[in-house]
2 protein chains.
Amino acid sequence: MTEQHVPGERSTGTRHGKRPTMSDVAEKAGVSRALVSLIFRNAPGASEQTRQRVFDVAKEIGYRPDTAARTLASSRTKTLGVMLTIRNPFHADLVESCYAEADRLGYDIVLSTTVPTRGEERAVDALLGHRCEALILLGPKMSEAYLTQLSREHPVVAISRKVPDATLDSVHTAEAKGVREAVDYLVGEGHRDIIHIDGGTGPGSAERRKAYRAAMRKHGLTERIRVIPGNHTEDSGLHAAQVLLDEDALPTAVLAANDRCALGLLGALHKAGVKVPQEVSVVGYDDSRVAMLSHIGLTTVHQNAEELGRLAVRTAVERIESPDAPARELVLDPELRVRDTTGPPR
Amino acid sequence: MTEQHVPGERSTGTRHGKRPTMSDVAEKAGVSRALVSLIFRNAPGASEQTRQRVFDVAKEIGYRPDTAARTLASSRTKTLGVMLTIRNPFHADLVESCYAEADRLGYDIVLSTTVPTRGEERAVDALLGHRCEALILLGPKMSEAYLTQLSREHPVVAISRKVPDATLDSVHTAEAKGVREAVDYLVGEGHRDIIHIDGGTGPGSAERRKAYRAAMRKHGLTERIRVIPGNHTEDSGLHAAQVLLDEDALPTAVLAANDRCALGLLGALHKAGVKVPQEVSVVGYDDSRVAMLSHIGLTTVHQNAEELGRLAVRTAVERIESPDAPARELVLDPELRVRDTTGPPR
DNA sequence: GCGCTCTACTAGCGCGCTCTAGTGATAGAG
DNA sequence: CTCTATCACTAGAGCGCGCTAGTAGAGCGC
């Protein structure tokens, strides 16, 4: 690493002077603080002329409303908290659509991500500290007890996680249906040795696992049922590949926990010289944008991220407005997207 | 979409009751509010016994410190604002390491992402509204004027963007060196028709473009120089592929603007039946974790995300502590990672 | 006894804003 | 001319906390 010192004009200007407040604007514009407040809140009760003058003064002295003070003073914060896992490309899709819908409904969004060193509880604490009016949790892995507790104290919407008899709203796709379609399709192509890498305790995993078993049974393939434990990261795909490659024979098709898992699996298979889909077919889950873009198009179960995000925000806002309405579960239909990682068995 | 109403136990419990405050805790614990404050700030001056009792009471009544009130009351917020583009996997890598370092230094982080409907200015406004003590901008595309202005008013650290004669700190890799290494390597493999898809106005693009030209010239390939305009998204790779495929002959190697661009390109080439690396070699830039995991390992110029994030946070904190120190430019060496998308020309 | 320090705590102001309850000025109705 | 309505604006309380200044009491040396 090298380090350079840039000359620059350090000593000039307003550098780090005290941040201007509403009072500064008021004084300079020759009006009361209350009026400035009113104008910045877009509330009626100020003449167009004054309004303009206040905005001009504000711009001139570089005033920005202070979110903290605003939050503290007002009963409403008009803020939604979104918990996500920044590594997850599908979450990126969801976040984008959340923003769009929140904008439409006049809400702000604050993000809080989990990272390896920062678990879901910390992420949630940060959001609640910001006085979010509702939480939107993207694929939460937290315990059911904690989730239930949380939803008793705050409006909570979970995306991609179904909680039986829950007190919280949830928005997700019909996991079972997606898996069933995938298995039906693979069987239709002639596969019989279809295994499943599951998502462990990840959101939706239990349903997918169950649906896989049911679908296999339906096709009379009960004895071929096999689940390799995994999770929702690339690593689990990699790991599953190692397990499979150590054995005598590969299955002809693999149903991965999600796209990330599928990508990890594909990477490892490719390194081992296994041809996809000639030797093994691979199906993902999510259809995050990367799946589409990867140079071999991944066959995957499409979840409508845009709609999921939109509905989650709508549901959150409705929940804020009527806290005691019964909990809702919104279920979208998934759709199998056949691309290039699947074909007839070898 | 289907909708279900879940019974749930809506009417019980503390649902949405007034949020408990420090006074509630104080009262219930039989101490003054000031003492509770002190305890929650981890400040010395309370007996271990009282401390424990206060924490117990707080937990019992579900008290959480209010970030807004805390921010408002204290001069310091100990908060760093990070602007990112959530779609960008490289940013995910950076954010993770920022968190780790901020944790170490006792700072909080608040995230603000750009999305298609929410530009950089809005993202920055949100951060400043939260009274962040410094801004860390991941690959900002904003105008130089705005950036300079911003850095005059607040501590700002830019990652992956170099601003000549700047008043702001920047942390980035030696773009030129990475590109030079890539070109040297390709030429060493026997390539002569090496083209570059550039990153438009994206961070680092100008330097990379310039370095590409210089490197080609150095190898006596001045006449083979060719730059296809692009940007830092998958789409630009796709688009460049279309341009190239429409022509009589493909180049033997392509230096993409970044990994995302390279992935788009690979996808399109694959669909067109062009073999990589047999017919065309492809080199990316960033080495975001996806590059590694993609089932064909992408040859790319590695940027040390962990170190970049770490240094950005350190620099931001140092800037907060000494606002008038000269601006610094921290430059890390990149490193070519040869994987599977490159080889000798056809 | 005195003054001293140290520990464990409390009183109360003010951060920048929102929001309710006003005030005064002008206009139109009766 | 009074009465009410409307408009443009203001006064001031208080949101939940941090923080400075202070106090009460215990312990200690002399």
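Chain letters run A, B, ... following the sequence lines, proteins first and then strands; every chain starts at 1. This is a predicted model, so every value here is computed, not measured.
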Apply salt bridge (charged side-chain N to carboxylate O under 4.0 Å, His left out) to [X] and list each qualifying residue two or more places apart in sequence or on a separate chain.
X	answer
B:K162	none
B:E3	A:R328
B:E144	none

[X] has an atom [atom1]; how far is it from atom [atom2] of [N], in whole Å?
X	N	atom1	atom2	answer
B:Q49	C:dT7	CD	C1'	14 Å
B:L128	C:dG16	CG	C1'	16 Å
A:E48	D:dC7	CD	P	15 Å

Mind checking what makes side chain to side chain contact (heavy atoms under 4.5 Å, CB included) contact with [X], not counting sequence neighbours?
X	result
A:A126	A:S112, A:R118
A:T67	A:T71, B:H130
A:E307	A:N304, A:R310, A:L311, A:L332
A:S37	A:M22, A:R41

Quick one: which residue pairs count as a side-chain hydrogen bond (donor to acceptor under 3.5 Å, both in side chains) with a foot in residues 99-109 of chain B, not counting sequence neighbours?
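For residues 99-109 of chain B: A:R122-B:D103, B:R76-B:Y107, B:E101-B:R104, B:E101-B:R314.
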Could you tell me, to 10°, how much the axis swings from one end of the helix from C:dG1-D:dC30 to C:dG30-D:dC1 to the other, five pairs per end?
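Answer for the end axes of this duplex: 50°.
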What does nucleotides 10-20 of chain D look like as a protein-contact string, B for base, S for sugar-phosphate only, - for none, at under 4.0 angstrom between heavy atoms?
BBBBBBBBBB-
What string of B, S and - do you get for nucleotides 22-27 of chain C 5' to 3' if you count protein non-hydrogen atoms under 4.0 Å?
------
A:E318 atom CD, over 12 foreign heavy atoms within 6.0 Å:
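Above 12, so yes.
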Those residues that, when tested against A:Y146, pass ring-ring contact (aromatic ring centres under 6.0 Å, His included) (two or more places apart):
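A:Y146: no ring-ring contact (aromatic ring centres under 6.0 Å, His included) contacts found.
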